[in-house]
Amino acid sequence: MSLFRRRPKPAPTVAVDLAVARRAADAVNRGDIDEADRIVNATADPQAHAFAAFRFIDVED
């Protein structure tokens, strides 16, 4: 048993470029899902950018 407990290092976070997220959301709003996919996959963290794009996607009631 050691005297010190190792703390896990937090995972590095990538800053989300909101301009990229807006471009992806605009592509989704136009119905061009393939273009939106290409936009977010060109980033360092596609999942974070795709998630950020959700706030800019228009929803019809």
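- Applying the salt bridge (Lys or Arg N to Asp or Glu O under 4.0 Å) test to residues at least two apart or on different chains, the pairs with a partner in residues 22-51 are E35-R38.
- Rounded to the nearest 0.5 angstrom, L18 CG and R55 CZ are separated by 6.0 Å.
- Grouped with V40 in a hydrophobic cluster is no other residue, since no side-chain heavy-atom contact under 4.5 Å to another Ile, Leu, Val, Met, Phe, Trp or Tyr is found.
- Remark: I33 pairs with V28 by the side-chain contact (heavy atoms from CB on, under 4.5 Å) rule, at least two apart or across chains.
- N29 contributes a side-chain N or O that, together with a main-chain N or O of D58, makes up a donor-acceptor pair within less than 3.5 Å.
- The two residues A53 and A24 come nearest to each other via the heavy atoms CB-CB, 4.2 Å.
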